[in-house]
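Sequence lines set the chain letters: A, B, ... in the order given, protein chains first and strands last, and positions in each chain run from 1.
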Amino acid sequence: AQTVTQSQPEMSVQEAETVTLSCTYDTSENNYYLFWYKQPPSRQMILVIRQEAYKQQNATENRFSVNFQKAAKSFSLKISDSQLGDTAMYFCAFMIGQGAQKLVFGQGTRLTINP
Amino acid sequence: EPEVTQTPSHQVTQMGQEVILRCVPISNHLYFYWYRQILGQKVEFLVSFYNNEISEKSEIFDDQFSVERPDGSNFTLKIRSTKLEDSAMYFCASSDLAGIQETQYFGPGTRLLVL
């Protein structure tokens with residue numbers, strides 16, 4: 001079975017600091033995709049960033065970047081120059097293959113950005 | 001930017017009643033999903049749907065649940081006889097192989113409370 005583990009239930013940093021959220025996963029597959037979703041207090045799920053397992057280059061989206069270590073099955077999210085609006089739950093998710101494949105989510109990390 | 005929409009945003013029902021949660025996926029998407037999130041817990045997969053049939057369902061998706069695409073735009077989740085433990089946030093998602101592959105876009109969710 002595929003599992004996703006986020007070992008940090010909560011994190012808190014000051015505005016403008018850089019923060020890294022950890023995620024590890026377990027699979028024997030080679031073709032898969034990894035995602036970070038953000039869930040603000042409104043509870044809507046918002047895609048932050050995605051990574052294809054076959055790509056060695058780490059994905060970046062503005063202030064968000066990942067450190068994808070395939071051999072270690074690690075997929076951490078780095079938020080640079082953190083902003084108050086980044087305060088949210090962050091979920092790491094994993095999907096195998098293509099088509100109508102389910103996302104498997106981690107337990108989430110509650111991130112608070114303090115002014 | 002196209003987005004997934006869900007109605008209602010909130011629903012309160014009595015135990016044993018039937019509820020129908022509605023979703024309008026992104027128009028050119030072919031794959032549809034339902035997830036749920038019990039308060040304080042991680043997001044859990046319920047069911048995926050493609051080509052007018054269920055592709056995969058989880059253990060949670062028992063005989064009390066059903067999905068339907070009644071027309072070219074709506075995708076519904078029906079719970080026939082609600083239980084207290086069905087209280088959760090229900091998310092619809094859609095994806096498309098032709099676009100940004102393998103990325104599931106989530107709706108804003110329906111908050112269901114069973115009394």
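Heavy atoms of A:Q6 lying under 4.5 Å from chain B are absent altogether. With a 4.5 angstrom heavy-atom cutoff, B:I54 does not touch chain A via any of its atoms. Residue B:E44: no heavy atom, backbone or side chain, is found under 4.5 Å from chain A.
Nearest heavy-atom pair, B:F45 versus A:L103, reported as atom, atom and distance to 0.1 Å: CB-O, 4.1 Å.
Here the OG atom belonging to B:S48 is positioned 9.0 Å from the NZ atom belonging to A:K102, to the nearest 0.5 angstrom. Summarising the geometry, atom OG1 belonging to B:T103 is positioned 11.0 Å from atom CD1 belonging to A:I49; distances are rounded to the nearest 0.5 Å. To the nearest 0.5 Å, the span separating CZ on A:R43 from OG1 on B:T110 amounts to 11.5 Å. Separating the CZ atom in A:F105 from the OH atom in B:Y35 is a distance of 5.5 Å, to the nearest 0.5 Å. One finds the OH atom of B:Y50 at 12.5 Å from the CD atom of A:Q101 (value rounded to the nearest 0.5 Å). Going from atom NZ of B:K42 over to atom CD of A:Q39 covers 14.0 Å, rounded to the nearest 0.5 Å.
Residue-environment remark: NZ (A:K70) exceeds the threshold of 12 foreign heavy atoms within 6.0 Å. Summarising the local packing, CZ of A:R110 is surrounded by 12 or fewer heavy atoms from other residues, nucleotides or ligands at distances under 6.0 Å. Enclosure of atom CD in A:Q56 is not indicated, since only 12 or fewer non-hydrogen atoms of other residues, nucleotides or ligands lie within 6.0 angstrom. Environment of CG in B:D63: sparse, with no more than 12 heavy atoms of neighbouring residues, nucleotides or ligands closer than 6.0 Å. No more than 12 heavy-atom neighbours from other residues, nucleotides or ligands sit within 6.0 angstrom of CG on A:N62. Within a 6.0 Å radius of CD in A:Q57, other residues, nucleotides and ligands contribute 12 heavy atoms or fewer.
Hydrophobic clustering, with ILVMFWY side chains joined whenever heavy atoms are under 4.5 angstrom apart, keeps B:L115 apart from B:I79. Note on B:L84 and B:L77: same hydrophobic cluster, where clusters join Ile, Leu, Val, Met, Phe, Trp and Tyr whose side-chain heavy atoms are under 4.5 Å apart, directly or indirectly.
Annotation: disulfide bond (SG atoms under 2.5 Å apart) contacts involving residues 9-60 of chain A, sequence neighbours excluded, comprise A:C23-A:C92.
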Run the numbers on A:Y37 and B:Q104 for side chain to side chain contact (heavy atoms under 4.5 Å, CB included), then give the verdict. CA-CA 10 Å; A:Y37 283 89; B:Q104 294 181 23; 3.9 Å; yes
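For B:S66, the side chain to side chain contact (heavy atoms under 4.5 Å, CB included) partners at least two apart in sequence or on another chain are B:K78, B:R80. The side chain to side chain contact (heavy atoms under 4.5 Å, CB included) check on A:E15 picks up A:L84, A:I113, A:P115, with sequence neighbours excluded.
Contact annotation for residues 11-25 of chain B against chain A (heavy-atom separation below 4.5 Å): no residues qualify.
In terms of heavy-atom pairs under 4.5 Å with chain A, the best-connected choice from B:Q6, B:Q41, B:R111 is B:R111.
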